[in-house]
Amino acid sequence: MKKTTQLRNIISSNKLEKIMESHNALSAKIVEKVGFKGIWASGLSISASLGVRDNNEASWTQVLDVLEFMSDATSIPILLDGDTGYGNFNNARRLVKKLEQRQIAGVCIEDKIFPKTNSFIRGETQPLADIDEFCGKIKAMKDSQFVVVSRVEAFIAGWGLNEALKRAEAYRQAGTDAILIHSKRTDSLEIESFMKEWGNRLPVVIVPTKYYSVPTERFREMGISLVIWANHNLRASIRAMEETSRQIYSDESLINVEPYITPLEHVFRLQDEEELAKAEQIYLKSH
Ligand code: SPV
Ligand code: MG
C-alpha cells in the first residue's frame, strides 16, 4: 500500500492511533521494528541531531536528505514536521513535490512565520501567520494523494480558544486533511475545550509532550485521532550518550560500559548485514 494511503488510513481511522518520533534512519528503523504504524520526523529532533537549533537553521534540502535515508530504511509512512513550509506557498508546494518523490507520506505545517521557533520557547512572543495567507499555502500544498496536516498555534501564542477554532475552521475550508492542535499546558484543559467545540469536523492530532501525565485513555474519550510522541527517541539517546561518554572518559576504559550497551551484533542486524552476505554469494562470483 502506498505510504500516503497508509498515513491517510491512520489519520482517518476511528481508533486512536499513535506515531513515534525519529530523527534519522536508525531511529526510524527502530520505531518500525517495535511495531509503530507511522513515524513523526520531528523538526526539533532532526535539528538537534544535526547540531543546530529548531529555528530553520538547517535548510529544507538538508532536512530532505535526512528524510530520504529515513524513508529508504522503512516501509511505514513518515509525517514530516514541515515547520512553516520554509517560506510562502510557493516554497511549500515545492517542498511537497520533493517529499512525494521520496515517498514521504505527509507533512504538517504550522501557522507561524519563517524562520520559526520551537513552540516551547517563549511561545507568547511568537507571531502567528495571517489566516488567509496560511489558507493559500494549504491549498497550494494539497494534492489528491498527499496528506497535509495543519497545526494551530493559537494556544501556544496565548490567543485562546476562539482564535484556535477560527483558524482550524479556516484551514478545514482550505482543504487540510487534519488539524494539529498544540498546547504547552501541563494539563489537557485547552485540548479538551477545543475538542468540545470542534466535534468531528476533521481528525485532530495532538502532541502531549507537556501534558504527558494525562492518560492515553482520556485522549480516546475526547475523540482524538492521532497522538504524536514527538521527541522521546532523541531525548533517550542524549541521556544514553552522555552517560556512556562520561563513564568511558572517567574510567579510561570500556570495562564498565560494555555490559550496558547494544552488542555489535545488534548494530549489524539493524544494518541488515545478512542481506549483503547473501547478495555476495550471488553476485561476487570469486567468493
Ligand atoms: C517537533 O517535534 O519538532 C514539534 C513538536 O514540532 S514540538 O516540539 O512540541 O513543537
Ligand atoms: Mg517542530
Side-chain angles (χ1 to χ4, degrees), residues 7 18-24 27-28 31 36 38-60 62-64 66-67 70 77-87 92 95 99 104-129 134 137 147-159 164 167 171 176 178-188 190-191 194 204-214 219 224 226-238:
L7 181 61
K18 290 89 51 180
I19 60 174
M20 177 79 194
E21 170 259 322
S22 305
H23 50 276
N24 56 24
S27 51
V31 164
F36 279 99
I39 291 165
W40 169 246
S42 157
L44 170 64
S45 299
I46 291 173
S47 59
S49 71
L50 293 174
V52 295
R53 287 170 287 232
D54 192 11
N55 292 72
N56 299 123
E57 290 182 346
S59 74
W60 71 274
Q62 289 173 325
V63 173
L64 203 62
V66 175
L67 265 281
M70 290 169 65
I78 299 174
L79 176 61
L80 168 66
D81 175 4
D83 293 338
T84 60
Y86 303 97
L95 170 71
L99 291 173
I104 312 303
V107 65
C108 175
I109 50 159
E110 62 198 61
D111 55 359
K112 294 201 301 223
I113 310 287
F114 178 89
K116 54 66 65 78
T117 298
N118 185 271
S119 301
F120 301 138
I121 300 174
R122 300 180 291 279
E124 262 79 14
T125 65
Q126 299 190 14
L128 296 185
F134 196 74
K137 195 181 273 185
V147 175
V148 175
V149 175
S150 298
R151 166 165 159 178
V152 176
E153 291 277 293
F155 287 136
I156 296 292
W159 289 44
R167 284 174 175 268
Y171 306 160
T176 195
I179 297 293
L180 190 160
I181 185 74
H182 206 11
S183 172
K184 58 182 165 30
R185 286 181 65 93
T186 54
D187 59 39
S188 57
E190 285 174 339
I191 303 297
F194 179 86
V204 173
V205 182
I206 58 167
V207 185
T209 301
K210 292 283 180 176
Y211 48 100
Y212 61 86
S213 62
V214 176
F219 302 143
I224 301 290
L226 180 65
V227 175
I228 297 175
W229 286 312
N231 50 46
H232 302 80
N233 276 324
L234 176 86
R235 288 163 63 193
S237 64
I238 291 174

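Atom set for the values below is all heavy atoms of this structure, side chains included, hydrogens, waters and symmetry mates excluded. Order of appearance sets the numbers: ligands from 1, and atoms from 1 within every ligand.
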Sub-4.0 Å atoms of ligand 1 with respect to non-hydrogen atoms of Ser119: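 Result: 10 (O).
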
Close-contact set for ligand 1 against Ala230 heavy atoms, below 4.0 Å: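 Listed by number with element, the hits are 2 (O).
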
Aromatic plane relationship, Tyr86 with Trp60 - under 30° parallel, 30 to 60° tilted, over 60° perpendicular: tilted

How does [X] reach ligand 1, by side chain, by backbone, by both or by neither, if only non-hydrogen atoms under 4.0 Å count?
| X | value |
| --- | --- |
| Arg151 | side chain |
| Leu44 | both |
| Asn231 | neither |

[X] versus [Y]: any side-chain heavy-atom pair under 4.5 Å?
| X | Y | value |
| --- | --- | --- |
| Trp229 | Pro208 | yes |
| Trp40 | Ile19 | yes |
| Met20 | Ile39 | no |

From CG (Asp111) to OG (Ser150), nearest 0.5 Å: 8.5 Å

Flag [X] as yes when one of its N or O atoms lies below 3.5 Å from any N or O atom of ligand 1, and as no otherwise.
| X | answer |
| --- | --- |
| Thr209 | no |
| Asn118 | yes |
| Gly43 | yes |

Protein heavy-atom partner closest to atom 1 (C) of ligand 1 - residue, atom, separation in Å: Asp81 OD2, 3.2 Å

Heavy atom of the protein closest to atom 2 (O) of ligand 1 (residue, atom name, distance):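 Minimum-distance protein heavy atom for atom 2 (O) of ligand 1 reads Ser42 OG, 2.7 Å.
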
Ligand 1 contact by His182, heavy-atom criterion under 4.0 angstrom: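 Yes.
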
Pi-cation contact, Phe36 with Lys18 (under 6.0 Å, within 45°):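 No.
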
The Mg ion (ligand 2) contact by Asp81, N, O or S atom under 2.8 Å: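 Of the N, O and S atoms in Asp81, at least one lies under 2.8 Å from the Mg ion (ligand 2), which means yes.
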
His182 ring center near Phe120 ring center (under 6.0 Å):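 His182 vs Phe120: aromatic centres under 6.0 Å.
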
Worked check of side chain to side chain donor-acceptor pair (under 3.5 Å) between Ser119 and Lys112: CA-CA 10 Å; Ser119 301; Lys112 294 201 301 223; 3.2 Å; yes

